[in-house]
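Report on one structure; see the data block that follows.
These values consider heavy atoms only, across backbone and side chains, with no hydrogens, waters or symmetry-generated copies. All ligand and atom numbering here is 1-based and tracks the order in the structure.
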Amino acid sequence: MPAGPGLIRAGTRAVLATMHGKERVIAPILREAFDLDVVLAPGLDTDAFGTFTREIDRPGTQAETARLKAQAGLSADPLAAIGIASEGSFFAHPHIPFVPMAREIVILLERPGGLEIAGIDEGIDTNYGHVVATSIETAMAFANASGFPAHGLVVMGTSEGQPDPRLLLRKDIDDADTLADAIGQAIRLGGAAHVETDMRAHRNPTRMAAIARATHDLVQRIRSRCPLCDRPGFAAVGRIAGLPCRVCGVPTRQTVATRMGCSGCGHEVIVHRTDVATADPATCDVCNP
Ligand SMILES: [Zn+2]
Ligand SMILES: [Zn+2]
């Protein structure tokens, strides 16, 4: 397998699969970092890989979907050696009630070398949310809290309290009058309007910023090279538990070291933690069974 610093060269043509303006943030970062020639995938319908508004389901997990999009970009542009795509995911915070989280993945596939590297951004900086409103006032209050009109909103009809895009689906709402009109229409049709934040990148500046952070993470991962074969993407592949308890010294389930690995030659390096030397006894099965 070819490996080494030649995998990502200055001037390499990189095809980006997006219909939603992600080139505005992704292209300048990759141009500046590696002098890549970022072009848009011609005639690619990325909505075929799933829409946030439920008309089309995502074909796989977030990472799988990003990979499929990048592969489709490479298929659409035979001259490109690199395929790039991003995929966002929004979900409830695992520990804090009513706090939404966002995860962005920006994936890079390199055709000749088979390199695959993904940058990630994850955090609570998102306006992701929805309201089921039976009055224009409730819906407008949600719109204001969501950053409308700088951030887009989607209005759907409802059937038995559930969003029903077949009844009504309005995207690309830019002003308060059009929004009020769509909400009124949804309420007339089904008794309530389902109003949700538009998570498409070009209608969501908060998301666009997260995609930029994920792209910077991708740059860092590409720059991290295997000490043995110099292949880009030398990254954490696992963790090793066993940080000793501060009181009794018995190994806990807390991380003591990270395994860094190369996807090319398989070389691994164990990097021990330097931020802490011992674990809180609260996490120790002996001191705190
Ligand atoms: Zn202990
Ligand atoms: Zn290697």
Margin query: Any N/O/S atom, side chain or main chain, of His267 closer to the Zn ion (ligand 2) than 2.8 Å?
Written below: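 So His267 does not count as coordinating the Zn ion (ligand 2).
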Next item on the list: Taking the Zn ion (ligand 2) as the vertex, measure the angle between atom SG in Cys229 and atom SG in Cys265; round to 10°.
Entry: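 It is 120°, given to the nearest 10°.
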Note to self: Using a 6.0 Å distance limit plus a 45 degree cone around the ring axis, check whether Arg223 lies over the aromatic ring of Phe34.
What the structure shows: yes
Notebook entry, point to check: To the nearest 10 degrees, how large is the angle at the Zn ion (ligand 1) between Cys284 SG and Cys248 SG?
Noted result: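 Value returned, to the nearest 10°, is 100°.
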Checklist line | Beyond-backbone contact of Tyr128 with Glu196, side-chain heavy atoms, under 4.5 angstrom | finding: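 Side chain of Tyr128 against side chain of Glu196, heavy atoms only: no contact under 4.5 Å found.
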Checklist line | Side chain to side chain, His130 and His194, heavy atoms closer than 4.5 Å | finding: yes
Notebook entry, point to check: With a 3.5 Å cut-off and no angle check, do the side chains of Asn204 and Asp198 form a donor-acceptor pair?
Noted result: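 No, no side-chain donor-acceptor contact under 3.5 Å.
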